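Computed from a predicted model, the values in this text were never measured in an experiment.
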Amino acid sequence: MDFSYDIIVVGGGHAGCEAAHAAAKMGARTLLITMDMTKLAQMSCNPAMGGIAKGQIIREIDALGGMSGIVTDRSMIQFRMLNRSKGPAMWSPRAQCDRQRFSIEWRKVLESTERLFIWQEQAKSLIIGEKTVKGVETAFGTRFYSRAVILTNGTFLNGLMHVGFKNIKGGRSGEQASVGLSDQLRELGFIVERLKTGTSARIDGRTIDFSVMTEQKGDEEGRTFSYLSDKSGITDQMSCFITHTNEEVHEELRKGLEYSPLFKGMIKGRGPRYCPSIEDKIVTFKERDAHQLFIEPEGRETIEYYINGFSSSLPLEVQLRALRKVRGLENAEIFRPGYAIEYDFFQPTQLRSTLETKMIGGLYFAGQINGTTGYEEAAAQGLMAGINAVLKIRGEKEFVMGRDESYIGVLIDDLVTKGVDEPYRMFTARAEYRVLLRQDNADERLTKKGFEIGLADKERLAILKRKEQNIENLIHYLKETSVTPESINGFLDAVETNRIGQRVKAITIAARPQVNLSEFLEELNKISESGFNFDDGEFPVNRNEIIESAEIRVKYEGYIQREKVVAEKIKRLEKVRIPDDIDYSELLSISTEGRQKLGRIRPDNIGQAGRISGVSPSDINILLMYLGR
């Protein structure tokens, strides 16, 4: 074997898989070191991808040339577009996946990627020389050398799992923890802290009474995540089911609080505010007499179900007694209990915007070790770390996206600028420019960038160009086509919007909120001599996506243009670079807190500096004057 590589990725979770694939796809000889090759991109918690803001991230990963969207489509058992009742900036795709199939499909991807090799063993330490990473040493003493290393260890670094007062070392149920790396990095000067997350019990589907629950089906309209996938979606979708806790459930849980490691102080790490355990919910929201639970299938060929909303670290007997008070779960049997897990993470303010560490050259962190939670956030970081590691060893310009370009840009900027004090989860509210960062236009925003760096291929670019041309053609058609009162008022009556009194352009009708563009086009085809024709070309286009994108542009043009103007003004500050060797302690006109925060985080540019908590506008003005601006 040749033990020398361009890039080594440690950890085979969502971040590691995306990082390894991206690096190898871009031409780097890449090694992925994982503790278990049968659990690549394992869904440790709920078997789903996407959701609020997370769905946008998966579409962005796909648009750049990553694989999470494609793998999701291949393993999908249900698809839903969330927030349809709100504006398009809030629409978020979400898919239930077959957990086993998801991991199998990822393994197929990695094993068929040229220049990508896999090694199954625990990484014990880094090989460091002259403040630069040189490689990785494994538990058996095997030494692999590389020009860059990407750590994506998830919850495995000194992982400790809790069920009641019993705890065992491990990174996931049934899997050992990773030890050694945290201690080494702490000795090198890295800030290492602890976070906590958890998961719920898994239920035997044969013991669930679905008849008393509310069935939640997938969307009837065929949908997919990837811009490359067959756009017909899936027809044989599996349903989820909704039930609720009740006062009896809460009473059983309250009886067990004295055995809770969370409330007895045994768990030191801070847990996710937006995904609390069930025992945390009944204490924090004690005025509520019920909490919603989702019963989600784990796959097509298993009877295992995940109970979303019932994460717990209480003793097994307490969990089981409480579960059996839930409507539909009175006879529930479980495969394994819920548990909490504490793990080491590194404050992400120790990273550059490329996800390279500031302290050790060529060393990158991605995923939960940066304080995030969620498969999607991890995958996005892995992709960006893989891209930037390749660009660095090539000596090419770094790839960093702005907050106005992608949710991935918002995610990374939040991490490296603000740090975390609890597991970070992406929401649409975190993005200032969410009207620009919609799920429908991720390819329009990012595929050209992915192609330029060598990740997205020609097929993606061709499909994008065809889509953009069709959208432009459709909008032009609406602008040029006229309708008369006699021809269209019947349709307007049907959709409960005002009649017209004279001939108008079709685009004025399409801009009305009550008018569905797809239905309107059908009406135009009936009343006009020549309707709109889609241009499929070499690559067939998804007509529904084209109509949706055109409709958003027509209806929200004013909002989109206004947000672009604001984003452009802010972006000017991102172009003002701050020298790496600046000594903030000498800038005495800047506030003490400002000097301390700037010195610790060391932002790359003025825009990033202005987003640091504790750095005031006057501090920024002084910094600009110092830089001669």
[Y] side chain reached by [X] side chain, heavy atoms, under 4.5 Å:
X	Y	result
Val10	Ile150	no
Phe263	Val283	yes
Arg80	Leu82	yes
Leu329	Ile307	yes
Arg94	Met49	no
Gln292	His244	yes
Asp443	Asp62	no
Tyr227	Arg59	yes

Step-by-step salt bridge (Lys or Arg N to Asp or Glu O under 4.0 Å) determination, Arg572 to Glu568: CA-CA 7 Å; Arg572 293 172 195 162; Glu568 195 57 40; 5.5 Å; no
With a 4.0 Å cut-off on N to O distance, would you call [X] and [Y] a salt bridge?
X	Y	result
Glu593	Lys597	yes
Glu342	Lys268	no
Arg273	Glu422	yes
Glu304	Arg336	yes
Lys448	Glu405	no

With no hydrogens and no angle check, is any side-chain donor or acceptor of [X] less than 3.5 Å from a backbone partner on [Y]?
X	Y	result
Gln319	Leu314	yes
Glu279	Ser313	yes
Gln608	Asp604	yes
Thr357	Tyr364	no
Gln56	Ala53	yes
Asn83	Met90	yes
Gln347	Val420	yes
Lys281	Gly309	yes
Gln78	Ala95	no
Tyr339	Ser173	yes

How about [atom1] on [X], more than 12 heavy atoms from neighbouring residues, nucleotides or ligands closer than 6.0 Å, or not?
X	atom1	result
Phe427	CZ	yes
Glu557	CD	no
Arg611	CZ	yes

Start with the C-alpha distance between Arg172 and Ser44, add both sets of side-chain angles, then the distance that settles side-chain hydrogen bond (donor to acceptor under 3.5 Å, both in side chains), and finish with yes or no. CA-CA 7 Å; Arg172 189 162 49 206; Ser44 307; 2.9 Å; yes
Hey, mind stepping through Ser68 and His14 against side-chain hydrogen bond (donor to acceptor under 3.5 Å, both in side chains) and telling me if it holds? CA-CA 8 Å; Ser68 288; His14 298 261; 5.5 Å; no
Quick check: closest heavy atoms across [X] and [Y], and the distance to 0.1 Å?
X	Y	result
Gly87	Tyr556	CA-OH, 4.1 Å
Ala15	Ala378	CB-O, 3.2 Å
Pro47	Gln96	O-NE2, 3.4 Å
Ser239	Glu215	OG-OE2, 2.6 Å

Residue list, ring pair (Phe, Tyr, Trp, His ring centres under 6.0 Å) with Tyr433, at least two apart or on another chain: none
Worked verdict on Glu221 versus Arg223 for salt bridge (Lys or Arg N to Asp or Glu O under 4.0 Å): CA-CA 6 Å; Glu221 178 189 0; Arg223 287 272 186 165; 3.6 Å; yes
Specify whether Phe190 and Phe346 have parallel, tilted or perpendicular ring planes, treating 30° as the upper limit for parallel and 60° as the lower limit for perpendicular. perpendicular
Does Arg430 qualify as a cation-pi partner of Tyr407, given the criterion of NZ or CZ under 6.0 Å from the six-membered ring centre and within 45 degrees of its axis? no
Once ring pair (Phe, Tyr, Trp, His ring centres under 6.0 Å) is applied, what residue pairs with a partner in residues 73-96 remain, sequence neighbours excluded? Phe79-Phe225
Checking Glu444 against Arg553 for the salt bridge (Lys or Arg N to Asp or Glu O under 4.0 Å) test, could you report, in this order, the C-alpha distance in whole Å, the side-chain angles of both residues, the deciding distance, and whether it holds? CA-CA 13 Å; Glu444 298 168 52; Arg553 289 192 194 183; 2.5 Å; yes
Step by step, work out the side-chain hydrogen bond (donor to acceptor under 3.5 Å, both in side chains) result for Thr372 and Gln381. CA-CA 10 Å; Thr372 60; Gln381 293 171 71; 3.0 Å; yes
With side-chain hydrogen bond (donor to acceptor under 3.5 Å, both in side chains) as the test, would you mind laying out the steps for Asn388 and Thr354 before giving the verdict? CA-CA 6 Å; Asn388 278 300; Thr354 58; 5.3 Å; no
